Amino acid sequence: DSGVTQTPKHLITATGQRVTLRCSPRSGDLSVYWYQQSLDQGLQFLIQYYNGEERAKGNILERFSAQQFPDLHSELNLSSLELGDSALYFCASSSFGTSSGYEQFFGPGTRLTVL
Amino acid sequence: KNQVEQSPQSLIILEGKNCTLQCNYTVSPFSNLRWYKQDTGRGPVSLTIMTFSENTKSNGRYTATLDADTKQSSLHITASQLSDSASYICVVPRPGNTGKLIFGQGTTLQVKP
């Protein structure tokens, strides 16, 4: 158990809908990272927050947004969902704002299925 | 271009056998390299983190090596078990303290009885 929790575990929805994925980092970790992993694909970095502020952005679509709250939990909002958004979404956390030298701990993921 | 490439893409071995997975990177400047194990449908779990000054690091039956000169790393699995069946991912931080990681595509290992 990494100490990172994600809810829900599974999510099934229809095209055009909007969903919210939630992540609670390990106790004491200030950074939260979101990743997307499509079937048989590698992990794609979406976005990072550090202590409530956006720190780095990856290949995140404009239909997607995220935020980190004062209690350090984070939410990833996906809107106008398309079939291609079906994937595993992982959250990771680390102690500091940069990845160099500091391990990222991954949550169990949320499997999103868009029908 | 900063890249991480892994080989082979997939591998099937018999239980009890050894195997070696390869990772080549072109990331510069280099800070560290990580190997993660990802079970199907689960989050990646760190196996080792190696800095440029480390040549070898072991974690149980897993031994990682790093050659910073040739920019190559390997992960050797000894006496494989069925539970070793997973995807093994090589990861290098993107330079510049951006918080971003560069992921290899992974090697899918299947251990058969």
Side-chain angles (χ1 to χ4, degrees), chain A residues 1-6 9-10 23 25-26 29-51 53-60 68 87-113, chain B residues 2-10 21 23 25 27-54 57 59 64 66 68 86-110:
Chain A
D1 184 359
S2 66
V4 179
T5 60
Q6 290 186 248
K9 267 190 157 180
H10 302 276
C23 167
R26 288 189 325 153
D29 282 358
L30 298 177
S31 265
V32 169
Y33 308 77
W34 285 98
Y35 295 89
Q36 179 192 57
Q37 188 175 39
S38 302
L39 188 63
D40 295 332
Q41 297 292 313
L43 285 153
Q44 298 294 322
F45 170 69
L46 295 178
I47 197 165
Q48 177 205 359
Y49 277 82
Y50 175 73
N51 202 20
E53 301 287 329
E54 182 184 303
R55 181 66 183 255
K57 224 168 186 176
N59 301 319
I60 188 167
Q68 186 179 27
L88 271 167
Y89 290 84
F90 290 104
C91 167
S93 74
S94 70
S95 303
F96 296 91
T98 71
S99 61
S100 294
Y102 300 108
E103 184 174 349
Q104 289 187 20
F105 295 86
F106 285 80
T110 292
R111 180 176 294 281
L112 173 66
T113 302
Chain B
N2 293 312
Q3 283 185 317
V4 175
E5 295 182 349
Q6 294 185 241
S7 62
Q9 191 172 6
S10 61
L21 314 181
C23 174
Y25 61 93
V27 181
S28 182
F30 171 79
S31 59
N32 62 75
L33 181 146
R34 306 124 187 251
W35 282 95
Y36 282 88
K37 177 187 178 188
Q38 185 178 22
D39 292 317
T40 302
R42 309 287 294 271
V45 175
S46 178
L47 294 175
T48 66
I49 296 179
M50 301 186 73
T51 63
F52 71 93
S53 62
E54 295 176 304
K57 185 177 278 190
N59 178 2
L66 176 66
S87 180
Y88 292 84
I89 307 170
C90 177
V91 184
V92 178
R94 191 175 293 277
N97 281 342
T98 61
K100 298 180 184 179
L101 300 176
I102 304 172
F103 290 84
Q105 284 299 100
T107 293
T108 300
L109 173 65
Q110 187 177 358

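Just so we're clear, the structure is a prediction, and the values are computed from it rather than from any experiment.
Contact annotation for A:L88: only side-chain heavy atoms (C-beta onward) come within less than 4.5 Å of a heavy atom of chain B. Using a 4.5 Å cut-off between heavy atoms, A:Q6 makes no contact with chain B at all. Residue contact with chain A, scored on non-hydrogen atoms closer than 4.5 Å, is absent for B:I102.
In terms of heavy-atom pairs under 4.5 Å with chain A, the best-connected choice from B:G106, B:S87, B:S46 is B:S46.
Between A:Y35 and A:F106, the two ring planes are tilted [angle within 30° to 60°].
Distance check, rounded to the nearest 0.5 Å: NZ of B:K57 to CD1 of B:I49 gives 7.0 Å.
Salt-bridge annotation for A:R26 and A:D29: present, with a side-chain N of the basic residue lying under 4.0 Å from a carboxylate O of the acidic one.
Smallest separation of non-hydrogen atoms from A:V4 and A:P108: O-CD, 3.5 Å.
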